[in-house]
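Read through the structure below, which is laid out as structure tokens, and then see the notes.
Labels below follow one simple rule: chain letters A, B, ... track the order of the sequence lines, proteins then strands, and each chain is numbered from 1.
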There are 2 protein chains.
Amino acid sequence: MRLLKTSEYAIRVLSHMARNEAERYSVSSLHRALGIPYKYLGRLMRKLTKAGLVDAARGKTGGYVITRPPGSIHLIEIVEAVEGLEDFDHCILGFEACSSDQPCPLHDQWGVQRDSIRRMLEEASLEDLALKFEEESEASD
Amino acid sequence: MRLLKTSEYAIRVLSHMARNEAERYSVSSLHRALGIPYKYLGRLMRKLTKAGLVDAARGKTGGYVITRPPGSIHLIEIVEAVEGLEDFDHCILGFEACSSDQPCPLHDQWGVQRDSIRRMLEEASLEDLALKFEEESEASD
DNA sequence: TGGATATTCTACCTCCAGGTGGGAAATGAG
DNA sequence: CTCATTTCCCACCTGGAGGTAGAATATCCA
């Protein structure tokens, strides 16, 4: 009952980048700021680039930038890009045929839970997260 | 956002066994009834034996039997025996320090979801599942 | 007593997430 | 031009989930 670690990483990276929308972040600066393993982070950023969430520039002044306004990027999109959403349609008891026609004993209950989680990820934007993080760092001053 | 396949297997096996509380089920009969890979199922049954959920008997009339009344065994116990409950205390954004004192942006929302799922698994017993399965097989007659 | 049927054990295998290492290729600064 | 900094691409390693193979051990029954 959790996201893949890579999805967690992706959300943390992007909400960090959302605090300065226009700034170019290098892998090494993100690594220093967030403590995510350097090499692994590089591969993750490439993945986010291919997914169109960030833009990459090589060379000395290169780095990554968010492609769209943070308010328009919701967590569900990040999760989808990194690990896909297949598991959100998965029966909690693993029955292939489970559906509203042929429901497993927990079908309805689990459906409510799953939709609720999905809605949470659909409604939370990077801007929301970035703002909350701002508040926290101000509070700790 | 799903249980391990092994937890799904375990729930299916045990709710099947719950339909005839006193019967001894061999691995091969469970394999035939449920389609779970034979050898893998053997290892799972050994695990459930060590967890105390079933009792094993060797030899010609041997097999497995549920140790306690199905109404007293809840899904959360099965999940705990197979995959543990660590992930149920895990921050949705993966922050180590995330707590009510130092909440991540989604801490409260995710807490509600997580507790709700946990409660579903705590309240559903093997007896409940077995009864529902009975209803289904009657309906398909 | 011996065979048939059952659990049990050890050892492997494949696949994927997570993580590491070495070097390419691109690009701006000096 | 040269060099440092960056992204990019390659191969590899580890651990765990899921799955398979073969034999050892225990028990009933004829």
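Counting any heavy atom pair closer than 4.0 Å across all strands shown, Gly42(B) reaches no nucleic acid atom. Lys39(B) comes within 4.0 angstrom of a nucleotide base, judged by non-hydrogen atoms across all strands.
Closest to the side chain of Lys5(B), from the set dT20(C), dT25(D), dG18(D), is dG18(D). In this structure, the nucleotide among dA6(C), dT7(D), dT6(D) sitting nearest to the side chain of Ser26(B) is dA6(C). The nucleotide whose nearest atom lies closest to any side-chain atom of Lys60(A) is, among dA4(D), dT7(D), dT8(C), dA4(D).
Side-chain atoms of His90(A) and Glu8(B) include a donor-acceptor pair closer than 3.5 Å. Checked by atom type, the side-chain pair Thr6(B)/Tyr40(B) shows a donor-acceptor distance below 3.5 Å.
In this structure, Tyr40(A) atom OH and dC9(D) atom P are separated by 17 Å, rounded to whole Å. Counting to the nearest Å, the P atom of dG18(D) and the CD1 atom of Ile36(B) are 12 Å from each other. Leu48(B) has its CG atom 15 Å from the C1' atom of dT8(C), to the nearest Å.
Taking hydrophobic clusters as Ile, Leu, Val, Met, Phe, Trp and Tyr residues chained together by side-chain heavy-atom distances below 4.5 Å, Leu4(B) does not share a cluster with Phe88(B).
Remark: Tyr9(A) is not in phosphate contact with dG18(C), judged by side-chain N or O atoms under 4.0 Å from OP1 or OP2.
Side chain Arg43(B) to base dG19(D): a donor-acceptor pair is found below 3.5 Å.
A salt bridge does not link Arg19(A) with Glu127(A): every distance from a Lys NZ or Arg NE/NH1/NH2 to an Asp or Glu carboxylate oxygen is 4.0 Å or more.
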